[in-house]
Amino acid sequence: MAILSPRRRRSAAISVAAVAGIAAAGVCLAVGGASAGTVSGSLYRDPSSAVVRWVAANPGDSRAAVIRDKIASQPQARWFANFNPSTVQSEVSGFIGAANAAQQIPVLSVYEITNRDCGGASAGGAPDLNQYQTWVSNFARGLGNQTVIIILETDSLALQTCLSGGEISARNQALTTATQTIKSANPNAKVYLDGGHSTWNSAGEQANRLRAAGVQYADGFFTNVSNFNSTSGEANFGRAVISALAGMGIPGKRQVIDTSRNGGASGDWCADDNTDRRIGTYPTTNTGDGNIDAYLWVKPPGEADGCRYTAGSFQPDLAYSLANGAPNPPTTAPPTTTPPTTAPPTTAPPTTAPPTTAPPTTTPPAGNGCSASVAVNQWSGGFTASVTVTAGSADINGWTVTLTLPGGAAITGAWNAQASGTSGTVRFTNVSYNGHVGAQQSTNFGFQGTGTGPGATATCAAG
């Protein structure tokens, strides 16, 4: 089929919501019911989103009622797109705490990958992939232990035209490590990788990219954040991707679809200049489709793509255009009484087995010791490995991890550590920024190679 130009097939997606706590009055939450997928429950409405703050500040605006009732009332993703390694943990923790208190599921969109948007309207991200991993580690520490939905790096896999082969490999490993880091921090986190959309890459090509980026460690993939394709078209595309992944030995993956702007006509991708878009299906985990975990509003309606307005800025005329004439939201409201006592307590551990990427269940070593666990992503002819270093009951300042590669295997690159040797017995030592690990805390590094990856065991020495 014809190859579409980048501007026709994608849009820049960025939103950095402030944390000022201003809530709009008189709004009704949409509540998700039991899902046909693996996520079930009500989605969390961010009371400090840009649209909520605008409605609260502009009650007399003629557009306010429509925007309030059809957009500000709905749960939307909170985007984490600022490179702020020193404060991101507290920001995430505050957002997660509010969602947990409401007994609802928060949606977080991570948008921090190095060389983001290939330098387009939403350019930015971490200065390099080592610093990206530091940021992700801090982000993950704020996630708590209850269900959260993570939309991991929009366009990071579908848009790779600006990357060399080596840069693509490094990005794939960074996404694999980020997924494992998040899953290790919170085994109840639902992580979805970039699936592009149905009018961009083919299903087979996108499945290949997802596999290379470690989708086997994730819950699935998301689509349509960067476009306005119909929900049915995205669902068909998602089924094709799921089938392709299953054929690669990666079964059971699921899709989430962004329906925030796909309820109107198709046309040029840039919504800043379009008045024929409408909000689509309201956010819910009750999809009725076993392949689809949720319909989400990942790209907040009314936030610009970077065509006529600055990317990520809230524009009331865009919001009004999307909402005016759209159906009203569901009338079901959340319960006003205390949830039934049969609901699991918020501190209860998950009843299902944790994913294979969960941290080891053995007690970390006492004193100044450390332990190391290895998770390998193997494919024909090569592998990547993610290693988690965990301190014992005291802080450590420096670490060395030693492991043995199978015969014929060789290391071709490493990140977040310095490697000594490329085959046989190989030692990895910390770099300047991750040598100090707090008591009972962890850090991650990774490497890639040819041949068969190592086993799950490795030795760790502190100091």
Side-chain angles (χ1 to χ4, degrees), residues 7-20 22-30 45-79 81 107 109 111 117 120-124 154-155 197 224-231 258-283 295-329:
R7 287 183 62 84
R8 174 64 181 84
R9 68 186 178 188
R10 70 174 180 89
S11 67
I14 178 171
S15 164
V16 186
V19 293
I22 306 174
V27 296
C28 172
L29 299 183
R45 169 186 167 274
D46 183 357
S48 63
S49 66
V51 63
V52 169
R53 289 183 284 114
W54 182 88
V55 167
N58 296 275
D61 193 292
S62 61
R63 302 162 294 185
V66 169
I67 295 173
R68 178 196 66 208
D69 293 344
K70 296 181 180 180
I71 295 179
S73 66
Q74 297 305 302
Q76 303 168 37
R78 166 76 75 88
W79 285 65
V107 180
S109 179
Y111 198 48
D117 199 37
S122 295
T154 294
D155 288 351
H197 55 73
N224 217 35
V225 177
S226 290
N227 216 307
F228 320 96
N229 299 312
S230 70
T231 301
D258 190 341
T259 59
S260 62
R261 302 177 294 173
N262 72 342
S266 60
D268 183 73
W269 70 265
C270 203
D272 289 21
D273 301 314
N274 246 296
T275 58
D276 57 356
R277 306 284 183 213
R278 293 291 182 273
I279 52 176
T281 301
Y282 284 97
Y295 300 131
L296 302 177
W297 284 8
V298 180
K299 174 69 175 179
E303 297 195 6
D305 290 305
C307 300
R308 186 161 47 131
Y309 305 105
T310 302
S313 63
F314 178 77
Q315 302 295 332
D317 60 330
L318 297 182
Y320 182 76
S321 176
L322 287 164
N324 190 35
N328 289 320

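As a basis for the values below, the full set of heavy atoms in this structure was taken, side chains included, without hydrogen atoms, waters or symmetry mates.
Under the 3.5 Å distance criterion, the side-chain polar atoms of Y282 are matched with a main-chain donor or acceptor of P327. Put simply, the side chain of Q74 never gets that close to the backbone of P329: no donor and acceptor are under 3.5 Å apart. Proximity of a side-chain donor or acceptor of R278 to a complementary backbone N or O of N324 within less than 3.5 Å is detected. Checked by atom type and distance alone, the side chain of W54 never pairs as donor or acceptor with a backbone atom of A64 at under 3.5 Å. The main-chain N or O of N229 is found under 3.5 Å from a side-chain atom of N224 such that the two form a donor-acceptor pair. In terms of modelled atom types and a separation under 3.5 Å, the side chain of S109 and the main chain of W79 share no donor-acceptor contact. At distances below 3.5 Å, not a single donor-acceptor pair connects side-chain atoms of K299 with backbone N or O atoms of N227.
Looking only at atom types and distance, the side chain of D61 has no donor-acceptor partner in the side chain of Y320 under 3.5 Å away. Looking only at atom types and distance, the side chain of N262 has a donor-acceptor partner in the side chain of T231 under 3.5 Å away.
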**Request:** Test I67 against V51 for side-chain contact (heavy atoms from CB on, under 4.5 Å), laying out the working first.
**Result:** CA-CA 8 Å; I67 295 173; V51 63; 3.5 Å; yes

**Request:** Dump the intermediate steps for side-chain contact (heavy atoms from CB on, under 4.5 Å) on S226 and T154, then the final yes or no.
**Result:** CA-CA 8 Å; S226 290; T154 294; 3.6 Å; yes

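With values rounded to the nearest 0.5 angstrom, Q315 atom CD is found 5.0 Å from Y309 atom OH. Summarising the geometry, atom OG belonging to S260 is positioned 9.5 Å from atom CG belonging to L296; distances are rounded to the nearest 0.5 Å. Here E303 contributes atom CD and S313 contributes atom OG; the two are 8.0 Å apart, rounded to the nearest 0.5 Å.
Of the charged side-chain nitrogens involved, none lies within less than 4.0 Å of a carboxylate oxygen, so that R53 and D46 do not count as a salt-bridged pair. A salt bridge is absent between R63 and D317: the closest approach of a Lys/Arg side-chain nitrogen to an acidic carboxylate oxygen does not fall below 4.0 angstrom.
Contact record, D258 with V225: OD2-CA, 3.4 Å, taken as the closest heavy-atom pair. Listed here is the closest heavy atom pair of A123 and D117: N-CB, 4.1 Å. Here the shortest heavy-atom pairing between R45 and A72 reads NE-O, 2.8 Å. Between F314 and P301 the shortest heavy-atom distance is CE1-O, 3.9 Å. I279 approaches A326 most closely through the heavy-atom pair CG1-CB, 3.5 Å. Among all heavy-atom pairs drawn from Y111 and S122, the shortest one is OH-CB, 3.4 Å.
For the pair R261 and L318, the minimum side-chain heavy-atom distance is 4.5 Å or more.
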